[in-house]
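Predicted model only: the values in this text are computed from it and were never measured. Labels below follow one simple rule: chain letters A, B, ... track the order of the sequence lines, proteins then strands, and each chain is numbered from 1.
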Amino acid sequence: MSGRASTGAAPRALRGTHDVLWPESARWEALVATFATLAASAGYRLAVTPVIEAASVFRRGIGDDSEVVGKEMYEFADRDGTPVALRPEGTASIVRAYLQHRPVLPWKVWYVMPAFRHERPQAGRYRQHHQVGVEALGSDDPDLDVEVIWLAHRFFGLLGLAEFELVVNSIGDARCRPGYVAELSRFLAGRAESLCAEHRGRIEANPLRLLDCKRPECIAATEDAPRMVEHLCEDCAVHFGRVQAGLSALGIGARLEHRLVRGFDYYTRTTFEFASGAIAASQNGIGGGGRYDRLAEAMGGPATPGIGFGIGIERVLLACDAERCFPAAPEPLDAYVIDLTGGEVARELTAELRRAGLAVDRGFGHRSLKAQLGAADRSGARAAVIVGDQELAAGTLTVRPLRGGEQRSVRRDELAGWLRALREASR
RNA sequence: GUGGGCGCAGCUCCGUUGGUUAGAGCGCCAGGUUGUGGCCCUGGAGGUCGGGGGUUCAAGUCCCCUCGCUCACCCCA
């Protein structure tokens, strides 16, 4: 039982979840704004989908036997018994929305969303984490793959990240993958004894996933395993060749990684991941995605190709910390209003200044001028606006710059202009 | 699920071989300045030392259990 509950201690955020508060939240704001602007610049529109879905949305799309769905998904019976789940990732939700609304193709969306996985938290891994991402449905043009990967690459660049690597692979499609998987199985069966304990008896279950097992035994055993890119059918080979050529033409370096298969069943053809070289922890994957040309069908809809990626906000910010880039640079307040005469002036003046487009906070209660000036200083405001008995009698206001400059007396009708000038001067 | 590390004030932490009333810095509040922030000085608030049990004349300190945080494995953002 909970020791906390019995001792009546104050509640805490659940394990693996966390609060994002000022000033860290300022970086979140800026990160999301950066991503939103970038996505919009490429014709992607915001999509907001529910955090809770029928469990089948993820079971059918991601795969029952995948790690994420099989043992990490938050799944439970709704009050009426319906199996529901908190989304473990974004793509399946977006494809569900596509099937429900059938927008005109191609359909390009971006999102920022929480995702949930019940696993033991550690550095860079949470039970509720957050992602920004895009999904583009309705075209299998390799240039769409290039566009999507470019967006992620560009985003990291905009944040100031430099130490990251892009790895790509193609895992083929329904025509060529089964043959490859069969060959891989034969290969692995021949050396089952040298695989790690966990995979030794499970070659048949999913031989592909065995490729990215990080245990030394498996890595050694699969060193010269057959490679997917050498078994692609003509169409897939041409497609992947164009993706690689397109990336190269845009100056995006990508390393071909034969072991890259990704953890979700729905991927076909292009898969990719971004790994930060600046994060010491092993959780250095900052983004990943791929093409999922059969997902819409698997979920019961018409065949619709698609591709997308998800980027982990928490991990990207960890990488930014490590590279000392993308600092929080919140826009300061223009003014902090201090009213020593009872509060009526502050009430009306703050509303007036805010309507004029200025960012204004104020003191509440009846604290001393000294105390309120201290609060004004801590608020980071560019100036304090003081109204006391002297100002009331003279019909003026005192403006005191807090970052250098002379205090002066101004008329109320020239206050906004004066504050704007102060803002411009500080830029 | 399996391991390691750590739990003392809001935060970062001292606390001797167990020994009076548990401390510091920062932060917060107030005063020094009857209307002036930052620097300085003084004072104050704030702790069942995570919780429970045990050993002992005596436990923040030793032992057991438990809860929590954290790092790592698996996997992933």
For [N] and [M], measure between their [atom1] atoms and round to the nearest Å.
{"N": "U36(B)", "M": "G31(B)", "atom1": "P", "answer": "11 Å"}
{"N": "G3(B)", "M": "G18(B)", "atom1": "P", "answer": "31 Å"}
{"N": "G15(B)", "M": "A9(B)", "atom1": "P", "answer": "15 Å"}
{"N": "C62(B)", "M": "C14(B)", "atom1": "P", "answer": "14 Å"}
{"N": "C57(B)", "M": "U70(B)", "atom1": "C1'", "answer": "39 Å"}

Checking all strands, does [X] fall into the base, sugar-phosphate, or nothing category for heavy-atom contacts under 4.0 angstrom?
{"X": "Gly133(A)", "value": "nothing"}
{"X": "Phe264(A)", "value": "sugar-phosphate"}
{"X": "Glu273(A)", "value": "nothing"}
{"X": "Gln390(A)", "value": "base"}

**OP:** Please state how far atom CG in Leu392(A) lies from atom P in G35(B), giving the value in whole angstrom units.
**Re:** 15 Å

Original post:
Quick one: His130(A) NE2 to A77(B) P, roughly how many Å, whole number?
Top reply: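 Distance check: His130(A) NE2 to A77(B) P gives 16 Å.
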
Original post:
Between residues 363-374 of chain A and RNA chain B, which residues have a heavy-atom gap below 4.0 Å?
Top reply: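 Output list: Arg367(A), Leu369(A), Lys370(A), Ala371(A), Leu373(A), Gly374(A).
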
Original post:
Between which residue ranges does RNA chain B form stems of three or more consecutive Watson-Crick or G-U wobble pairs, both distances under 3.5 Å?
Top reply: B:1-7 with B:67-73, B:10-13 with B:23-26, B:28-32 with B:40-44, B:50-54 with B:62-66

Original post:
With sequence neighbours left out, which residue pairs that include part of residues 309-327 of chain A fulfil the side-chain hydrogen bond (donor to acceptor under 3.5 Å, both in side chains) condition?
Top reply: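 The answer is His18(A)-Glu314(A), Arg27(A)-Asp321(A), His130(A)-Glu314(A), Gln283(A)-Arg315(A).
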
